[in-house]
Each structure stands twice: as structure tokens, then as C-alpha cells.
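Below, all heavy atoms of this structure are taken into account, side chains as well, without hydrogens, waters or symmetry copies. Chain letters run A, B, ... following the sequence lines, proteins first and then strands; every chain starts at 1.
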There are 4 protein chains.
Amino acid sequence: MQTETTAPVPGEGSCAPRRGRPRSEAAEQAIVASVERLMEEGSGLTELSIERIAAAAGVGKATIYRRWPNKEALLVDVLARLEQMPVPPHAGATVRDSLIAMVDDIRRRGLAKRSRWVLKTALGQLDSWPELRVLYKEKVIKPRRELARQIIRRGVEEGVLRDDLDVDLLTEMVVGPILIRTVLWEDAPLDDEGLAERMVDAVLTGAGVRPSGGESH
Amino acid sequence: MQTETTAPVPGEGSCAPRRGRPRSEAAEQAIVASVERLMEEGSGLTELSIERIAAAAGVGKATIYRRWPNKEALLVDVLARLEQMPVPPHAGATVRDSLIAMVDDIRRRGLAKRSRWVLKTALGQLDSWPELRVLYKEKVIKPRRELARQIIRRGVEEGVLRDDLDVDLLTEMVVGPILIRTVLWEDAPLDDEGLAERMVDAVLTGAGVRPSGGESH
Amino acid sequence: MQTETTAPVPGEGSCAPRRGRPRSEAAEQAIVASVERLMEEGSGLTELSIERIAAAAGVGKATIYRRWPNKEALLVDVLARLEQMPVPPHAGATVRDSLIAMVDDIRRRGLAKRSRWVLKTALGQLDSWPELRVLYKEKVIKPRRELARQIIRRGVEEGVLRDDLDVDLLTEMVVGPILIRTVLWEDAPLDDEGLAERMVDAVLTGAGVRPSGGESH
Amino acid sequence: MQTETTAPVPGEGSCAPRRGRPRSEAAEQAIVASVERLMEEGSGLTELSIERIAAAAGVGKATIYRRWPNKEALLVDVLARLEQMPVPPHAGATVRDSLIAMVDDIRRRGLAKRSRWVLKTALGQLDSWPELRVLYKEKVIKPRRELARQIIRRGVEEGVLRDDLDVDLLTEMVVGPILIRTVLWEDAPLDDEGLAERMVDAVLTGAGVRPSGGESH
DNA sequence: CGGTAAACGAGACGGTACGTCGTGTCTTGAC
DNA sequence: GTCAAGACACGACGTACCGTCTCGTTTACCG
């Protein structure tokens, strides 16, 4: 921890002139990097101890506790910044393209070990860990859902998506399959480039056979 | 822990005459009951400590470790017996009814706190906890998937479901939406009796509007 | 810590049947021995950390905290058992012999590093550390003082010691010089076998010249 | 810490023109005053932390470390200036008066909490804290002892004190009792104005009864 | 019916991590 | 160049839990 430059409080706007020695941005990055590395190495929640993180980052425990009130908050912060939404609101020209882009973004995230760790570990703690629940909802679920909502609403307006279902149900139909494959069915491959497209098409068309020809069933 | 009767090792066939005092079945039930109760009270994996479980069950720690090698094994066992498949293979006459029955079974389980705990907590530990992964796959995922596979195969044979998609994708389309609502979108209600039916119909029909003029079904 | 035998709570009479695994006497001895060894090696109060003691004794920290509520209590206990009064109440036939025995006991203790550590460190904490003060007074000062009081009272009764001074002042006159040499004047030798005798005689006779011959000064 | 005037380094002659902002004398005084106040409030060595001192003095920690290399040096410095010898070498006309003055000086110091803190805390650290030992010996013990030595030597020359005992033993006989009362026997009162006189007389006369018939003095 | 073997509750054992606090050093902007 | 403020690496504090190990007691079976 030699070169140290100014860094404000993690997720806080500059509130005051910040007297005293500023917090080391290098320390912060080292901490986050250590957490991510340990996640990638397959550590569970227990193995991800503050002492291990501090040792791996070459940082004192107090430097971590100065920024985050406890282990949970640190992990929440790390996963929040991993799960930010860098997807442009409408990545595609058509609604179908937008949906494919969204699904494919989830798929690509699922390929990264860190992100899968986040998704799965966070999920398991949502009940017993209210802060994580709030933050996860605010930072991960909400923007994602908002994006889905926008796309779907556009799709409904354009007459591409059904208007007799509420938006939540539509969202679940689009997002559910890929998330299930990410989280639950680990054998199922995620490295299939065309997966998102096939999935979206299947969801748009439906699982039932089309009444092609004229009559259904 | 007054009345104690004979009880064999949890998942083990009677191998020997079992000399000495037999294991207390009451102790075993008390342990499992305590775990379930603590789950319902919203304890996370950390709060579910062996010491807490033993104290709540009025049982010595050794009595737990005599039955299960570690905390994980105990939880896995409790999970497994919560998630057994009591669903009749084909609960409905038609394929649609069978799908609705399956989805509704998941929905009803999601209403129970214990089951949601299992689903979510287990999910979060699948990576870092290999025993749980194996057992969960074997005891929960596999039978459920097998059931879905049977129904879907029948649906494909009967011409009710598309045959141009692989079974996994079809399964995800059916199961994904309800699971997502169970695990992730806690605000979304699960106590809607008609939810499973609407979901299955929506998935069968698809999210997109039917291109051809006219009504379906 | 292989061989473990029963040991009751340190300074407590057997109050109850003591359920559960009894405390390891070996652990207790190892802890006390480690403290004494660290004292002899010249550690100060800061160097005498619980973590160091536990490591040196091959013992977990909890094993220490199970017996003593904090570091101070442990040290108090160790010093108390170092400073116990093994001196027979009247080690000598005459009052002078008893006094010499008492003073020589203090001298011999002062030769031991541990005891000097105790005396000096304890002294320095008597003000700010009420528990130590109470215990030290009760276990060290009081019996010692009581012994001195007995001897002196006998001396006064036998007409060997002055009766126009209160007992405390007389005690101080006898005990003060040797304690000062022990605690404060480290250059002054304590390994002089005849020191106690000379001291007692000097104190009995007084620092002033005797009015030998008949007239004084 | 408002008014700040020039102050040289504590125990250092002005060596250079001292460029830059001069050190605040007020800060120095505030530090020393805080230490003394904390001593009086009964803080032990542990409670006397640099952070507490700095906070109490309204001063940054660096301001302390700029003047003293560590906590020990600071305390030694404060101790030394508390224990300076303001006693005139021969406060009395006769040897007895000088001894009484010396003893009474110790008694009066013992009444002050700070001084007793010094005496007792310093005592406890002499072994494990070499700097304190050297300084304490040099600044406190040595001058005091030198004074005692002078008085006693005069007493021996004048035939008032015994000449068959070495000076150290005589010093211990005079100084021991009052120090013991100061340090060890806290119940014993120190606010007795005539205590020093009675003590000196007792020590001069001796604890034993005079064998010859008649009165002394 | 008495012996024996194992399970029982309780709880101590050596470890590891927690979150807090103090040390002595370093680094800001202000004076 | 000093000031107040406070972050830094380090390490001890006292607590909680892990999985193992005794204790003394209880409860079956077997000879």
C-alpha cells in the first residue's frame, strides 16, 4: 500500500471538506479485488472471512471496517458493483432484439464465476439478511426489472407482446428461463452464443404448438 | 426427551444387531423439528449453528454429531425430507392439467417458509458445498426434472407441446417463471389460487401476440 | 494436553456435582506455568497478553476465559498463589527469631524474579485496578500483616518491643527496610544470608546511637 | 488550543534558528496537564493511552509524537517533572530535623495522587521498561538518595547515628517505613502532621525496648 | 437378574473468525 | 514547518461457534 490517492467514502457524495488524511483508494481497490479473487477461487460465505480478505489485500482489518460496518455490507457492496446495469436501455432496434440483448447479458454474466457466486449466495441470504435484501433489491433487481419493464411496455405498445398479461408475468416469462439455467441447472451450457436468441423466440412463441394452418389442437 | 424408543441410523439399513442403548428417536425428531423451526423463524445459514440447534432441541451436541458428520449433512438431510416429491406423476388428465399441477405444487411450496428457505439457501451454497450439490441434485432436482420431462414428453407426443425445442428448454420455460417469482420477487404474490393456471397458459401460448387473426383455445 | 484429570474451579469450593466434562487440570497448570515463565523472562504487563499465554501453554483462549474473566483476574490469581504465606506463624523461638524469619522470607521471595514481578507490577496497578487491590489486600497484605501483628503483639507482651507505638508503625519499621530494598534499590544485594538478621537487629536497636555507658549524646 | 507561542523542544537547548511555524507551548502544556489529570483520575498505564491524552488535550496525536518518541518517554518526562527535588538539602538545624523534613516531604508527596501514581506505577515497570528505570534512577532515586546520604553522613559524623551500619541500611531504615505506608498501606493515614516526627524518632530509637533502665533523649 | 455396551445431557477442549480499540506512522489542508 | 484530523498496518481484546473429547447417568440387550 505505497501509492495512495484520495478516495471518498465508497458510495457517498462529497458531503464535507473531509478533514484528516484521506482514505486510500488503493486500499479500497485491493480489498474489493481480494474479495473478487476469493469468490472466483470458489470460497463460500464462511471461507470469505474478513481476516482472510485483509491478509490477501495486505490491509489491516480496521481499514475494512472503516468502510463497511461488517462482512455482509462489504459483500453486498462488492456484488452490487458487479451487478450494475451496463446494458443500454434499448440495445436493439426491435423489441425482440432488446429482449435478446437483455437475456444474453444475463447469460454472459452467468458465465463469470463471480457473478454466479453473487447471484446464488445473495439469493440464499435474502431472507435472513435484511440489509442485503434491501440493497440487492435496490441495486440489482430494481434496475434490471425497470429495464425489462421498459422493453416489455414498448413491446406491448408496438403490438409485439400480449397486453392481456400484467408486466410482472411477462417479465418472469422472459427472464425466468435463463435465470433458472444460470442458477439451478449447472450442467446446462451457458456458452452457447445463440442461446439467448432461441430462448427469446421460444418464449415469444410459447411452449405450445402454434395453431399453424388455421385450427388449433 | 423422556420417551425414547429405538431408531436406526437415519439413512442406513440395519447392518448389525446394534448392541448397547439404542438411539433415541425422540432426540432425532426434536433435532429436525428445531432445525425446521429455526428456519421458519428466518435464521440464515450462520444463525443455524449446531449449538443453537442443540440448545433448542434440548439435546447434547454429541447427539447431533453421532447422527450427522457435520452441520452441512444435517441441513442436507432436513432439506431432503422437506423437498420430497409427493406429487403424483400425472396429477391431471391432460398435459395442461399436469403442468398446472406441477407449477401449483411449486407455488404452494413457495408459500411455506421452510421450503423457501431451503430453495434459497441451498441455491446459494451449491457451488461451495459439494455434498449439498450432489444430494440436492439427486433428491430434489432430479425427480422434479424427471417429472417435468415425463409430462413434457407426453405433451410432445400428444402434439400439445413443440417438438423443435429440447426438453430442457421446455422445462425451463414452464418452471422458470414460477421459480423466479418464488425466489426472487418476493413482493409478487404467491397466494393467488389461479396463478398456476394463468402461468401455464401464458407459457403455452407465448409472450408474443399470435400473428394470425383470431383466437386460440 | 493429553492427560487430563479433574480440576475444580480455581478458587472455589465444590458447590455442585459439576456436570459435563470436568476442567482439565493440566490446562490450568500449563496456563499458570506459562504466565510464570513469561514473567521470569521479563515481560511487562503489555507483553503478557492472553494470546501469548495461550499460545505458550498450547491452550485455546477460551480455556483461559472459562476460568478467569479477563487478563487482570488471571494475573491476580497467579500472583496470589505465588505470594501465599507458607511461613509458619512463629518460625522462631524468640520474638527476634520470628522477626528474622519473616524478614528473611521476604528477602528470599525478592530473589525470585516472579515474586518481584508480582510485587512491583501489582503495586503499580493497585490504584487503577480495584479488583486487584481487593484481592491483593485480602490474599497478600492481610495474612502477612496479620503474621507481623501476632509477632509484634507477642513482642510487646514479652516486653521485647516498645508498647508506646501502634502496631502499624512497628510493622512498618520492621517490614519497610527490606521491602524498600526489594522493590526500589535493585543494586542493593539480596543474596546476603545474614541480611535479615542484621536488619532486624538494626531496627530493634534503632538508627540512633545507643546511650551506651549511661548518658546519651 | 488557541493562543500559541514559541516553545523549544522540551529538554533541549536551542540548537538552530528553528524555521517554520514554532511549536505551540500551549499544546505542550495541555498535553502534560491532561496526563496529570488522567493520573489523578486514577487511570492506570493502560488507560493512559496516547489517544485518550490527545483527545483530552484537544491535540493531534502527531503533536505528541513530535515531542516524545513514545508513550513511555512522555510519561517519564511527566514523572520526572513531578518528582523533582525541591527539598532544601538541610531543611533543619539538627540531623533529626533534617530527617524529619525529608520524611515529611515524602509524606506530603504521598498525599498527592499524582505523586503516588508515579511512585507506584513507575515501581511496577522498572523491570520491563529500561528507559524508565534509567531515568527514574537518575532523576528521582539518585538525588533523593544523595540527600539522605548527606544527612546520614552528617549524623554519623556528629555521633547521632550509628556508625556500624552502612549508609544504605541506615537510609532504608529511615525511608522504608514512610514509603511502605505511602505505597502499600493505603488505609494508614498520611494526613497526620506529626507523623514524620514520630516516625523518625521511632526509627532513631528503635523498635525494641531500651535495655538500660531509664529514659532516652 | 446382573453385566456390559452404547447413547444420553452437559460442557470443556484447541482452533478460527468476529468486531473493537490502541499503537506508532503517515498524509491531508489550513495556518 | 507545525497544527488538528484522521487513515494506515499491526496486533490484543473478549465472544461465539466449530467439531472433538470426556464426564456421570440412563437404557436397552444378553448371558
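- In this structure, D/T63 reaches the F/dA4 phosphate: one of its side-chain N or O atoms is under 4.0 Å from OP1 or OP2.
- Note: CD (C/E25) to P (F/dT22) measures 16 Å, nearest angstrom.
- A distance of 12.5 Å separates CZ of C/R52 from OG of C/S34, quoted to the nearest 0.5 Å.
- When rounded to the nearest whole Å, the span between CG of B/L75 and C1' of F/dG19 equals 15 Å.
- Using a cutoff of 4.0 Å between basic side-chain nitrogens and carboxylate oxygens, C/E28 and C/R23 are not scored as salt-bridged.
- Atom CD1 of B/I31 sits about 8.5 Å away from atom CD1 of B/I53, to the nearest 0.5 Å.
- For D/Q29, there are no side-chain hydrogen bond (donor to acceptor under 3.5 Å, both in side chains) partners, not counting sequence neighbours.
- Closest approach of A/S24 to A/A27, counting heavy atoms only: OG-N, 2.9 Å.
- Under the 4.5 Å side-chain criterion, counting only non-hydrogen atoms from C-beta, A/L48 is not in contact with A/L74.
- In this structure, the side chains of B/L75 and B/W68 stay at 4.5 Å or more apart for every pair of heavy atoms.
- Contact annotation: the side chain of D/V78 approaches that of D/E36 to within less than 4.5 Å [non-hydrogen atoms, C-beta and beyond].
- One can place CG of C/L74 at 16 Å from P of F/dA12, the figure rounded to the nearest angstrom.
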Each nucleotide N or O in nucleotides 3-5 of chain E that has a protein N or O under 3.5 Å away: list the pair and distance.
from  : atom 1 : to    : atom 2 : distance (Å)
E/dA5 : O5'    : B/R19 : NH2    : 3.4

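- To the nearest angstrom, P of E/dG9 lies 12 Å from CD of B/E28.
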Give me the distances for all protein-to-nucleotides 13-17 of chain F N/O pairs that come in under 3.5 Å?
from   : atom 1 : to    : atom 2 : distance (Å)
F/dC13 : OP1    : C/I50 : N      : 2.8
F/dC13 : OP2    : C/I50 : N      : 2.9
F/dC13 : OP2    : C/E51 : N      : 2.9
F/dG14 : OP2    : C/Y65 : OH     : 2.3
F/dG14 : O5'    : C/Y65 : OH     : 3.3
F/dG14 : N7     : C/K61 : NZ     : 3.0
F/dG14 : O6     : C/K61 : NZ     : 2.8
F/dC17 : OP1    : B/R52 : NH2    : 2.9

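- Rounded to an integer number of Å, the gap from CD of C/Q29 to P of E/dC13 is 13 Å.
- B/R67 has its CZ atom 16 Å from the P atom of E/dA6, to the nearest Å.
- As rounded to whole Å, 17 Å separates atom C1' of E/dG9 from atom CD1 of B/I53.
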Could you pull out every donor-acceptor pair under 3.5 Å between side chains of residues 55-65 of chain A and any protein atom, sequence neighbours left out?
from  : atom 1 : to    : atom 2 : distance (Å)
A/K61 : NZ     : A/E51 : OE2    : 3.0

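- Between the CH2 atom of B/W68 and the P atom of F/dC18 there is a distance of 15 Å, given to the nearest Å.
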